[in-house]
Amino acid sequence: AHALVDRTGKSMPLRAGTFRPVSGRLIRQLLTEETGASVINWLVPKQLFEMLGGFDQQMSLREDLDLALRLACAADAIAVPEVIALAREHLDRRTRNVHEQHRLTARVFKQAVARLDDLQLRRLAQVRYAAHVANAGRALLAKGRLLAGMRLIGQALLNGARPHTLLRAASAGLWHAIRVNR
């Protein structure tokens with residue numbers, strides 16, 4: 001587990017919910033968001049890290065999620081229930097202000113779809129890919145980029161996004177665009 005702290009060291013709530021230690025082959029749990037994998041507290045054997053190619057140097061963000069998915073396919077994980085790492089939350093944190101985080105996360109799941117042999121796991125990765133594409137479309141709609149946003153919403157539809165995901169993304173993005181452009 002890890003915990004968030006502010007600049008004074010005071011504990012803060014995690015942005016992604018509460019930690020539940022899960023051990024074993026975690027690919028399904030990662031794809032369904034039953035668990036997460038925070039890179040700040042991993043211990044990975046060097047041989048396994050190198051066998052998997054390490055972090056993808058072509059990614060500017062979410063290379064940790066990409067590696068987590070590859071690790072989860074290759075080896076069992078052992079979760080320790082105690083907090084073993086602290087992350088300081090601050091405005092300059094790399095993942096906090098990234099405007100294209102959904103598009104970049106979608107790329108990770110698209111690569112996972114291409115790598116996975118198991119059809120059920122591939123379908124789970126496809127759903128996550130489509131959800132992030134829909135959310136990237138929502139972000140563009142909210143910025144008033146209607147054509148580009150609707151193009152991504154359509155792409156999400158073609159890639160199997162769940163109807164409630166599409167509806168939520170399109171309506172939230174359009175509602176924000178209408179409010180901002182009044």
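The residues of the chain are indexed from 1 along the displayed sequence.
Val44 meets the side-chain contact (heavy atoms from CB on, under 4.5 Å) test with Trp42, Leu48, Phe49, Leu71; sequence neighbours excluded. Under the salt bridge (Lys or Arg N to Asp or Glu O under 4.0 Å) criterion, Arg25 pairs with Asp76, not counting sequence neighbours. Partners of Asp64 under the salt bridge (Lys or Arg N to Asp or Glu O under 4.0 Å) rule, at least two apart in sequence or in another chain, do not exist in this structure. By the salt bridge (Lys or Arg N to Asp or Glu O under 4.0 Å) test, Arg103 is found to be paired with Glu100, residues two or more places apart in sequence or in another chain being considered. Shown here are the side-chain hydrogen bond (donor to acceptor under 3.5 Å, both in side chains) partners of Asp6, two or more places apart in sequence or in another chain: Thr8.
Taking 4.5 Å as the limit, some side-chain heavy atom of Met59 sits within range of a side-chain heavy atom of Gln111. Contact annotation: the side chain of Leu69 approaches that of Ile27 to within less than 4.5 Å [non-hydrogen atoms, C-beta and beyond]. The shortest distance between side-chain heavy atoms of Leu141 and Ile153 falls below 4.5 Å.
Note: the hydrophobic cluster containing Val39 also contains Leu67 (ILVMFWY, side chain heavy atoms under 4.5 Å, direct or indirect links). Linking ILVMFWY side-chain heavy atoms closer than 4.5 Å, directly or via other members, places Phe55 and Val108 in two distinct hydrophobic clusters.
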Give every donor-acceptor pair under 3.5 Å between a side-chain atom in residues 122-130 and any protein atom, sequence neighbours left out.
residue	atom	partner	partner atom	Å
Arg122	NE	Leu116	O	3.0
Arg122	NH2	Leu116	O	3.1
Arg122	NH2	Asp117	O	3.2
Gln126	NE2	Asn159	O	3.2
Gln126	NE2	Asn159	OD1	2.9
Arg128	NH1	Leu30	O	3.0
Arg128	NH1	Leu31	O	3.3
Tyr129	OH	Gln155	NE2	2.8

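At distances below 3.5 Å, not a single donor-acceptor pair connects side-chain atoms of Arg151 with backbone N or O atoms of Gly137.
Residue-environment remark: CG (Leu158) exceeds the threshold of 12 foreign heavy atoms within 6.0 Å.
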